[in-house]
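Sequence lines set the chain letters: A, B, ... in the order given, protein chains first and strands last, and positions in each chain run from 1. Please read all numbers here as calculations on a predicted model, not as lab measurements.
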Amino acid sequence: MEEVRVRIAPSPSGNLHIGTARTALFNYLFAKKNNGKFVLRIEDTDAERTSQAYIDNIFDSLKALGLNWDEGPDVGGPYGPYTQSERFDIYPKYVQELLDKGFAYECFCTPEELEAEKEEATKNKKPYVYSKKCENLTEEQKAKLRAEGRKPAIRFNIQKAQKAFHDSSILKFDDLVKGELHMDTDLLGDFVILKSNGTPTYNFAVVIDDMLMKISHVIRGEDHISNTFKQILIFEALGAEVPRFGHLGMILAPDRSKLSKRHGATAVSEFVEKGYLTNALINFVALLGWSPSDGQEIKTVDEIAQDFRIGEISSSNSIFEYDKLNWMNSHYIKMLPIEELKEKLKPYLTKYDLSELTDAEYTRMVEVTREPLTLLSDITDAVPYFFGDDVEIEPEVQTDVLDTEISQNVLKEFVSQAQNWDWTEENLHEKLEIFRGEFKEKGIKPKVTMWAIRAAVTGRTKGADMTAILAIIGKEKSIKRSKAAIK
RNA sequence: AGCGGUAUCGUCUAGGGGUUAGGAUAGCAGAUUCUCAUUCUGUUGACACGGGUUCGAAUCCCGUUGCCGCCGCCA
């Protein structure tokens with residue numbers, strides 16, 4: 001069997017979209033599963049919308065997700081260049097071949113003429129297809145048009161190609177995920193393959209690139225299905241081997257529209273900035289359409305690759321809901337080795353002076369505050385009381401907790417006892433247990449006792465393990481804050 | 001409008017001519033803890049609709065509807 005070669009071909013007109021990341025993942029999984037090659041190609045034929053920043057973002061995001069490519073613009077490969085704008089000189093040859101074979105023709109129509117055709121179609125409630133007005137222009141007519149200064153675009157002759165290679169006007173192909181797909185090509189209009197400015201259009205450039213790069217399987221979004229019919233005909237007209245195609249359902253926003261900015265993050269890098277782990281992201285996105293045979297949903301990309309069968313991917317669209325992503329992210333945060341987590345949390349702790357804590361204290365702080373984190377960024381608001389001398393008391397905490405007589409009594413007792421305590425976490429744990437016990441005998445619930453201390457020391461009624469907090473911030477600060485809360 | 005795709009709990013999905021239609025997440029309830037959270041246990045919740053085939057349809061067939069996509073000298 002021939003080598004499996006797949007590709008992801010993003011257009012750098014924006015940061016790497018989460019949908020593109022999923023397409024890239026399925027290509028990557030397919031390559032891994034079949035010992036094939038995963039190729040990255042940058043489709044930047046539209047110079048206006050392209051920027052280097054986007055190209056960098058695509059590279060970085062793909063790498064962060066662990067989707068490493070075997071061939072691409074940066075690493076090279078036998079079928080380069082892998083950036084479309086650097087391939088402009090190789091397309092004309094194939095345009096000429098199509099022209100010579102009679103599968104393409106020059107079109108001198110102006111944008112206005114084309115527009116008129118479209119309006120006519122909408123007026124008659126008919127689907128628009130190009131009229132083929134320029135299909136049979138004589139050499140004299142062309143010369144005349146050229147003399148007027150008109151530059152022709154090149155159109156592909158759909159029906160001619162269809163007739164040359166198929167018995168009827170119905171074109172079929174066997175889709176890797178959707179099964180047999182068919183289309184009446186008489187309903188398709190002759191489309192432009194070379195713009196009048198000499199640059200190739202998407203539908204033409206992809207075919208040439210996929211052919212030259214020996215791509216064996218094209219796995220992409222189902223929004224490309226109609227392009228596929230056109231592209232198959234070009235492959236055939238060129239006498240090239242037609243790759244196998246597989247079309248994935250789309251990722252939709254909760255309102256079933258296209259996932260866009262208005263729904264929140266769309267780019268992988270935005271999710272990362274918000275505090276999502278790339279492991280969680282890629283795992284989550286894999287579950288949109290694919291499901292594990294063993295029911296175990298938490299899996300690394302390599303584990304998924306083992307279990308991956310493209311024919312088992314769901315062929316319907318799926319909705320991107322944050323619930324499960326969030327659950328998965330918090331799960332991955334819990335699983336993260338502590339040293340790694342400490343590093344990943346630092347960008348979200350810049351408003352605090354980390355030098356106030358020793359490394360051991362910082363480690364402990366992360367250990368006791370990681371549990372409730374959904375996003376890495378949640379750490380910011382979870383830890384203010386570990387820093388600074390004083391603490392900000394929430395208004396309701398002041399009135400509901402600190403102002404009560406019980407709390408005042410607890411704090412007075414706490415301050416007087418704690419002066420003499422040995423300030424290690426183990427000892428504090430023991431002492432506080434006894435402390436709670438003493439108040440319990442006076443009819444005060446342990447919960448209430450601890451609330452008083454927690455409120456005074458952290459300014460809040462909820463948070464991490466109280467013993468650990470006291471140990472981390474130290475005896476001096478703990479007592480100072482407690483005293484400050486006593487009236 | 002036309003063409004194409006698609007349809008199982010709110011969501012992601014498993015399954016598939018006779019099942020208590022399974023799991024995950026979210027929701028709800030309870031247990032545990034100094035609080036919140038975590039964790040654990042329990043629980044609510046689905047085969048779009050109509051016809052056909054059949055002893056029997058959620059499953060097969062046809063149609064309808066909804067939703068998505070495509071109809072560019074964008075990619």
Across the strands shown, which category fits [X] at heavy-atom distances under 4.0 angstrom: base, sugar-phosphate, nothing?
{"X": "A:Leu181", "result": "sugar-phosphate"}
{"X": "A:Lys445", "result": "nothing"}
{"X": "A:Met466", "result": "base"}
{"X": "A:Thr461", "result": "base"}
{"X": "A:Ala205", "result": "nothing"}
{"X": "A:Lys462", "result": "base"}
{"X": "A:Asp184", "result": "nothing"}
{"X": "A:Gly189", "result": "nothing"}
{"X": "A:Gly463", "result": "base"}

Please give the distance between the [atom1] atoms of [N] and [M] as a whole number of Å.
{"N": "B:A75", "M": "B:U65", "atom1": "C1'", "result": "33 Å"}
{"N": "B:G17", "M": "B:A26", "atom1": "C1'", "result": "33 Å"}
{"N": "B:C34", "M": "B:U25", "atom1": "C1'", "result": "30 Å"}
{"N": "B:G2", "M": "B:U8", "atom1": "C1'", "result": "31 Å"}
{"N": "B:G50", "M": "B:C12", "atom1": "P", "result": "23 Å"}
{"N": "B:U32", "M": "B:A48", "atom1": "P", "result": "43 Å"}
{"N": "B:G69", "M": "B:A1", "atom1": "P", "result": "15 Å"}
{"N": "B:A58", "M": "B:G72", "atom1": "C1'", "result": "43 Å"}

Assigned partner base of [N], Watson-Crick or wobble definition, under 3.5 Å:
{"N": "B:C36", "answer": "none"}
{"N": "B:A1", "answer": "none"}
{"N": "B:U53", "answer": "none"}
{"N": "B:A21", "answer": "none"}
{"N": "B:A29", "answer": "B:U41"}
{"N": "B:U65", "answer": "B:A7"}
{"N": "B:C71", "answer": "none"}

Practice problem: Using the ring of A:Phe439 (Phe, Tyr or Trp, six-membered ring only), decide whether A:Lys442 places NZ or CZ under 6.0 Å from its centre and within 45 degrees of its axis. | Solution: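 Yes, A:Lys442 sits over the ring of A:Phe439.
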
Quiz item: With sequence neighbours excluded, what pairs up with A:Gln296 under the side-chain contact (heavy atoms from CB on, under 4.5 Å) test?
Solution: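 If we apply the side-chain contact (heavy atoms from CB on, under 4.5 Å) test to A:Gln296, skipping adjacent residues, the hits are A:Asp294, A:Ile298, A:Lys299.
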
Would you indicate which nucleotide in [options] comes nearest to any side-chain atom of [X]?
{"X": "A:Asp323", "options": "B:C34, B:U6, B:A26", "value": "B:A26"}
{"X": "A:Trp451", "options": "B:U35, B:A24, B:U13", "value": "B:U35"}
{"X": "A:Lys324", "options": "B:U25, B:A14, B:G5", "value": "B:U25"}

Quiz item: Quick one: are A:Val129 and A:Glu117 in side-chain contact, heavy atoms under 4.5 Å?
Solution: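 When only atoms from C-beta onward are counted, A:Glu117 and A:Val129 do not touch, as no gap falls below 4.5 Å.
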
Quiz item: Start at the 5' end of RNA chain B and walk down; is the nucleotide closest to A:Glu312 or to A:Lys334 reached first?
Solution: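 With A:Glu312 and A:Lys334 compared, the 5'-side residue is A:Glu312.
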
Practice problem: Find which nucleotide of RNA chain B each of A:His429 and A:Ile313 is nearest to by heavy atoms, and output the residue with the more 5' nucleotide. | Solution: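 Mapping each residue to its closest nucleotide by heavy atoms, the 5'-most match is A:Ile313.
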
Exercise. Scan nucleotides 63-75 of chain B nucleotide by nucleotide, 5' to 3', and note B when protein non-hydrogen atoms come under 4.0 Å of the base, S if they reach only the sugar-phosphate, - if neither.
Key: -----SSSSSBBB

Quiz prompt | Of A:Tyr105, A:Phe156, A:Phe204, the residue whose pairing with A:Phe191 passes ring pair (Phe, Tyr, Trp, His ring centres under 6.0 Å) | solution =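 The ring pair (Phe, Tyr, Trp, His ring centres under 6.0 Å) with A:Phe191 is passed solely by A:Phe156 among A:Tyr105, A:Phe156, A:Phe204.
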
Whole angstrom value for the distance that separates [atom2] of [N] from [atom1] of [X]:
{"X": "A:Ile333", "N": "B:A37", "atom1": "CD1", "atom2": "C1'", "answer": "13 Å"}
{"X": "A:Glu297", "N": "B:U11", "atom1": "CD", "atom2": "C1'", "answer": "12 Å"}
{"X": "A:Ile453", "N": "B:C34", "atom1": "CD1", "atom2": "P", "answer": "13 Å"}
{"X": "A:Leu325", "N": "B:U13", "atom1": "CG", "atom2": "C1'", "answer": "16 Å"}
{"X": "A:Glu119", "N": "B:A1", "atom1": "CD", "atom2": "C1'", "answer": "17 Å"}
{"X": "A:Phe284", "N": "B:A26", "atom1": "CZ", "atom2": "C1'", "answer": "12 Å"}

Practice problem: Determine, stepwise, if the pair A:Asp381 / A:Tyr348 fulfils side chain to side chain donor-acceptor pair (under 3.5 Å). | Solution: CA-CA 9 Å; A:Asp381 294 326; A:Tyr348 302 99; over 6 Å; no

Practice problem: Evaluate the criterion salt bridge (charged side-chain N to carboxylate O under 4.0 Å, His left out) for residue pair A:Glu106 and A:Lys142; output intermediate values, then yes/no. | Solution: CA-CA 9 Å; A:Glu106 291 178 303; A:Lys142 289 186 203 170; 3.7 Å; yes

Quiz item: For residues A:Lys431 and A:Gln417, is any side-chain donor paired with an opposing acceptor at under 3.5 Å?
Solution: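 There is no such pair between these side chains.
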
Quiz prompt | Below 4.0 Å: OP1/OP2 of B:U35 and any side-chain N or O of A:Arg454 | solution =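 No, no such contact exists.
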
Self-check item: Under 3.5 Å: donor-acceptor pair, side chain of A:Asn329, backbone of A:Thr374
Solution: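 Yes; at least one donor-acceptor contact below 3.5 Å.
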
Practice problem: Please check if the side chain of A:Gln96 supplies one atom and the backbone of A:Lys93 the other of a donor-acceptor pair under 3.5 Å. | Solution: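 Side chain of A:Gln96 to backbone of A:Lys93, a donor-acceptor pair under 3.5 Å: no, none is there.
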
Could you list the donor-acceptor pairs under 3.5 angstrom formed by side chains in residues 244-254 of chain A, with sequence neighbours left out?
residue	atom	partner	partner atom	Å
A:Arg244	NH1	A:Asp174	O	2.9
A:His247	ND1	A:Asp175	OD2	2.6
A:His247	NE2	A:Thr228	OG1	2.8

